[in-house]
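Step one of this worksheet: look at the structure below.
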There are 2 protein chains.
Amino acid sequence: MKRTTYAGLIDEKYLGQTVTLSGWVQKRRDFGDLIFVDLRDREGIVQLTFSATNQIALSVAEEMRSEYVISITGLVVNRNDDQVNNKIQSGKIEINVTDAKILATSKTPPFYIENGVNANEELKLKYRYLDLRRPEMQQNLRIRSKIMSSAMHFMDQNDFINIETPILAKSTPEGARDYLVPSRIFPGSFYALPQSPQLFKQLLMGAGFDRYFQIARAFRDEDLRGDRQPEFTQMDVETSFMSADEIRTLVNAWVKTMMYDVVSFDLDTAKIPTLTWQESMDRFGTDKPDLRIAYELKDLSSIVKTSDFGVFTNAIKAGGVVKAIAVPGGADKYSRKDIDKLAQYIERFGAKGLAWLKVTDEGLKGPIAKFFPEGNDLIHATGAKVGDLLLFGAGRTDIVAATLDYLRRQTAKDLELVNQENPWAFAWIVDWPLFEYSEDFDRWIAAHHPFTMPNEEDLHYLNEGEDPHQAHAQSYDLVLNGYELGSGSIRINSMSIQEKMLKALGFTPEAAHEAFGFLLEGMDFGFPPMGGIALGLDRLAMLLAGQENIREVIAFPKNSRATEPMTQAPTRVDGKQLNDLGLFLPEN
Amino acid sequence: MKRTTYAGLIDEKYLGQTVTLSGWVQKRRDFGDLIFVDLRDREGIVQLTFSATNQIALSVAEEMRSEYVISITGLVVNRNDDQVNNKIQSGKIEINVTDAKILATSKTPPFYIENGVNANEELKLKYRYLDLRRPEMQQNLRIRSKIMSSAMHFMDQNDFINIETPILAKSTPEGARDYLVPSRIFPGSFYALPQSPQLFKQLLMGAGFDRYFQIARAFRDEDLRGDRQPEFTQMDVETSFMSADEIRTLVNAWVKTMMYDVVSFDLDTAKIPTLTWQESMDRFGTDKPDLRIAYELKDLSSIVKTSDFGVFTNAIKAGGVVKAIAVPGGADKYSRKDIDKLAQYIERFGAKGLAWLKVTDEGLKGPIAKFFPEGNDLIHATGAKVGDLLLFGAGRTDIVAATLDYLRRQTAKDLELVNQENPWAFAWIVDWPLFEYSEDFDRWIAAHHPFTMPNEEDLHYLNEGEDPHQAHAQSYDLVLNGYELGSGSIRINSMSIQEKMLKALGFTPEAAHEAFGFLLEGMDFGFPPMGGIALGLDRLAMLLAGQENIREVIAFPKNSRATEPMTQAPTRVDGKQLNDLGLFLPEN
């Protein structure tokens with residue numbers, strides 16, 4: 001019995017044909033002399049009928065249970081009218097089975113193999129091979145696969161060379177925590193799993209490959225959140241002799257092709273806005289704005305600074321700002337209790353309370369309305385209309401930004417104000433600061449990475465006696481629907497600039513050469529101007545599949561404890577393996 | 001100055017056009033008012049002329065040195081007749097430069113950037129970015145890239161789904177030594193880097209994906225040889241509901257496409273021979289025969305067992321064999337001293353001496369000729385002709401096989417008897433033993449891996465009281481020119497067979513479930529019949545690029561001490577990193 005097609009592909013075109021199919025028993029209904037079986041394979045479901053006309057096949061069907069693996073041969077016929085199911089491709093036909101075989105039996109699965117199944121996440125991960133049988137999971141991984149083939153094809157057409165870089169690499173400072181791999185030949189030495197192929201791709205440009213592409217695995221030993229995994233996949237690109245503009249144009253063409261190939265969407269890349277980092281922070285409070293939401297942050301500092309509301313005036317006097325969003329139609333939708341909840345949530349950003357006003361026919365209403373008798377200024381500056389809810393942030397610029405970014409996204413979600421007519425809102429964010437202050441490390445770190453080329457007119461900031469933190473960079477992020485899809489830049493290709501950059505990050509010359517000597521030395525042998533980008537495959541696949549967690553687009557993801565519940569990795573290992581590596585554990 | 005094309009692509013078609021190019025200075029010849037510069041990019045070389053007509057460009061050219069990175073604009077003109085170089089695409093033209101810019105300077109490289117450079121291997125690896133600039137290295141990596149795009153495209157066309165499997169996986173017994181990754185969240189536990197995605201791809205078939213493909217990184221912490229690296233790349237395939245024959249047919253189609261795409265070779269897959277493992281061992285002494293060599297091993301045991309030559313008769317009495325190869329035209333080519341050298345080499349296989357005879361007009365000549373007065377039997381059985389050299393192996397079957405396999409390949413190399421008219425000699429080797437005896441481990445191990453399905457008629461050998469080592473497997477290797485390109489099989493999809501298999505390998509039921517419980521349990525939930533193959537990308541790229549070491553087709557390979565000389569990985573790491581992992585080193 002050799003399969004002739006997939007179950008899910010059969011429709012009226014097959015009427016009158018004899019087909020052989022293989023797959024899983026989705027459902028079985030037994031009426032004695034008549035048994036219906038829904039047969040499932042990766043393409044969908046078809047209904048099989050076993051009847052007394054063929055006793056042998058009928059007796060095989062009597063044995064069948066959910067998730068048994070079977071092969072059948074039968075004739076494609078019309079269903080009875082009362083059996084027609086217009087929801088599936090094969091809903092008008094069924095298969096009169098003449099021959100059937102059970103290839104593998106199954107115990108009853110711990111959860112139903114169907115979309116939207118309500119099972120515990122750990123249980124689904126433990127039986128991942130069953131979870132992946134569910135049509136929506138099949139679809140998710142096929143979208144991911146389509147993104148990869150589309151990317152490979154585009155890069156191939158554009159003369160990119162696919163080059164693999166090492167997974168067993170060198171541990172370097174800067175960036176996140178490395179995963180380490182002990183060396184057996186040199187006990188006490190370690191490889192590190194790469195956090196990105198960044199340095200290797202720069203070296204490949206130094207080697208003259210001109211256009212590099214790789215679908216690369218990268219690793220970070222960080223605490224995990226919903227959209228983070230210990231290992232993740234980058235679609236990694238690097239080019240020589242191209243400007244930042246040219247690279248963005250290339251990426252636009254790539255993204256356009258991909259959106260068409262994967263979700264049949266005709267993206268107009270001419271309409272993708274390019275915002276400076278400063279503009280994005282000013283208007284949206286974030287460097288990854290969701291442009292499907294129409295309302296923006298408005299700076300009210302100059303208006304409110306003369307008011308009698310101490311919270312606002314003090315914030316401004318302390319060097320901070322007062323900004324607000326006008327949530328369309330929000331006045332009726334949010335009770336005082338709802339607003340209290342929002343106020344409580346934003347404490348995590350450092351906000352101390354949430355000022356608000358409702359715009360009514362009779363002007364501004366709310367606890368702080370009395371401070372703004374001339375409310376028209378506020379209404380005008382925020383562009384608010386009757387029925388809108390004004391939410392304020394007052395204080396340090398970064399806290400106000402984080403607060404109003406959150407409130408903008410949350411209220412848009414609550415009130416369904418995310419514009420569905422523009423489902424794929426891409427944006428470029430450019431002209432980033434070269435450095436940013438890290439609260440975690442309590443020092444300045446590279447906003448992108450230490451190999452990012454400063455703007456040409458800002459190079460002098462790296463000189464002795466100047467403030468390097470004034471410099472902006474030739475860097476660019478691609479944002480989609482409020483998610484950072486990818487991050488890129490022109491790279492430093494001169495040893496002296498790279499040395500200055502590392503010095504600004506606190507490296508002594510010795511430490512710089514210890515960590516990055518091979519790169520610095522390489523730059524002394526003719527490294528071309530170069531730049532590139534890496535797009536996160538996991539996040540892109542998640543968005544295109546309409547999912548909210550990257551686990552849904554990864555075949556065998558880790559849970560939030562970095563454990564893989566099916567194999568239970570990581571595990572204890574043989575003492576001999578540790579001996580070979582010269583490692584000791586505390587309890588040994 | 002925006003590049004209009006690649007230097008190496010310019011030929012007479014560009015005559016009269018103004019072009020802008022970017023690349024590296026290969027060579028500079030300075031005649032004062034006239035300077036020639038060979039400009040190199042990834043596509044090749046073009047000659048630039050700087051003359052007094054354009055003083056500014058000329059003065060820039062005066063500064064240029066080897067490996068400087070430059071951009072130029074100029075007019076494509078004919079070369080003077082005495083300057084024509086027919087060896088390169090751009091050999092008839094040159095470029096009269098009107099504008100020039102130095103983008104990066106270079107120190108003098110430690111070796112010349114040219115093909116066949118005679119530099120120390122460690123030096124080349126240390127300056128890998130310079131080594132990779134050499135045209136032959138560029139070509140090698142482009143061949144590798146082409147293989148990958150061809151494979152991706154073929155798999156896409158054939159409805160395979162590209163699915164990534166974890167790099168941070170579980171350590172399992174069997175197979176080679178794992179690379180381990182300490183867990184920070186669970187100190188004392190380890191991930192292992194996968195030796196192949198084998199179990200994951202079986203689980204994906206259990207999950208119903210039906211056709212899986214991945215270009216997958218795999219890892220083995222083994223002692224290194226010329227064609228081994230700590231990390232390597234597999235083109236990994238798995239399918240459901242297909243027989244071994246159908247899978248081989250699919251792989252043939254894939255290989256045919258690839259050979260055409262990559263080396264423009266029209267492979268006739270109908271002519272790829274399929275040999276059983278036993279036949280391959282009998283005829284070639286190896287399971288990866290080089291079929292470009294015409295002469296084979298001939299079993300002479302029945303002929304020589306009645307001779308007076310004790311070495312032969314004793315070998316046979318002890319249960320061994322006597323076999324020989326007839327090296328065409330070898331009689332004159334090998335001196336006694338040459339033969340002594342071969343004899344010395346084969347000691348490593350356990351051979352104790354090398355018996356030989358020369359076939360002359362006057363019959364057999366050589367030290368053992370006296371034992372074979374009726375030499376015609378030997379000449380007939382070996383198919384030898386006048387002028388041939390007979391080389392004998394006598395003793396244990398496996399030692400004779402290894403010895404004569406080596407002698408066959410070595411003599412063919414020495415005498416250029418490798419048939420160049422059949423440059424790509426593929427073969428399928430099928431019907432392997434299920435187990436093989438490992439001298440290293442001093443026990444029986446799986447010949448392929450523990451998940452290989454036995455032949456149906458051999459399943460009973462796994463039952464209590466029978467000898468499992470009699471069983472043969474539904475496995476198949478693809479061989480090219482004496483190299484194993486890939487290895488595949490039908491997999492076990494039944495818990496009970498898998499348990500018997502693990503028992504035959506010495507696992508207790510508890511140990512089997514500890515190591516492979518997730519797989520065994522999965523098989524109880526309806527796993528389909530499945531099979532697949534993995535082709536080694538490194539080795540295939542090496543062969544198609546005409547190289548003899550896989551390092552030549554890997555961008556940043558490790559050396560024989562598993563060190564990467566450029567970055568010097570593996571390295572010492574911060575004490576803090578080890579503390580985070582709960583690891584102690586002996587010297588701490």
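Per chain, numbering begins at 1; letters A, B, ... match sequence-line order. All of these numbers come straight from a predicted model, not from anything done at the bench.
Interface remark: A:Asp159 contributes backbone and side-chain atoms alike to the contact with chain B (heavy atom separation under 4.5 Å). Only the side chain of A:Leu581 comes within contact range of chain B, with at least one heavy atom under 4.5 Å from a heavy atom of that chain. For A:Ala562, the parts lying under 4.5 angstrom from a heavy atom of chain B are both the backbone and the side chain. At a 4.5 Å heavy-atom cutoff, A:Thr172 makes no contact with chain B through either its backbone or its side chain. Of the two parts of A:Phe516, neither the backbone nor the side chain holds a non-hydrogen atom closer than 4.5 Å to a non-hydrogen atom of chain B. Using a 4.5 Å cut-off between heavy atoms, B:Arg561 contacts chain A through both its backbone and its side chain.
Taking the six-membered ring wherever Trp is involved, the centroid distance between the rings of B:Tyr129 and A:Phe518 does not fall below 6.0 Å.
Aromatic ring orientation, B:Trp24 versus A:Phe241: perpendicular (interplanar angle above 60°, classes split at 30° and 60°).
Remark: side-chain polar atoms of A:Arg133 are paired, donor with acceptor, to backbone N or O of B:Gly206 under 3.5 angstrom. Distance alone, capped at 3.5 Å, is enough to place a donor-acceptor pair between the B:Glu231 side chain and the A:Ile167 backbone. B:Lys558 contributes a side-chain N or O that, together with a main-chain N or O of A:Leu168, makes up a donor-acceptor pair within less than 3.5 Å. Distance alone, capped at 3.5 Å, is enough to place a donor-acceptor pair between the A:Arg42 side chain and the B:Phe209 backbone. Formation of a donor-acceptor pair under 3.5 Å by the B:Gln138 side chain with backbone atoms of A:Ala207 is found in this model.
For the set A:Arg211, A:Arg134, A:Gln568, the entry with the most heavy-atom pairs within less than 4.5 Å of chain B is A:Arg211. Of the residues considered (B:Arg128, B:Arg3, B:Met152, B:Lys126), B:Arg3 shows the highest number of contacts with chain A, using heavy-atom pairs under 4.5 Å. In terms of heavy-atom pairs under 4.5 angstrom with chain A, the leader among B:Leu103, B:Asp156, B:Val573 is B:Val573. The most heavy-atom pairs under 4.5 Å with chain A, out of B:Phe186, B:Phe213, B:Phe160, come from B:Phe186.
Minimum heavy-atom separation, B:Tyr179 to A:Pro182: CD2-O, 4.5 Å.
One finds a salt bridge joining B:Arg184 and A:Asp223 here, because a Lys/Arg side-chain nitrogen approaches an Asp/Glu carboxylate oxygen to under 4.0 Å.
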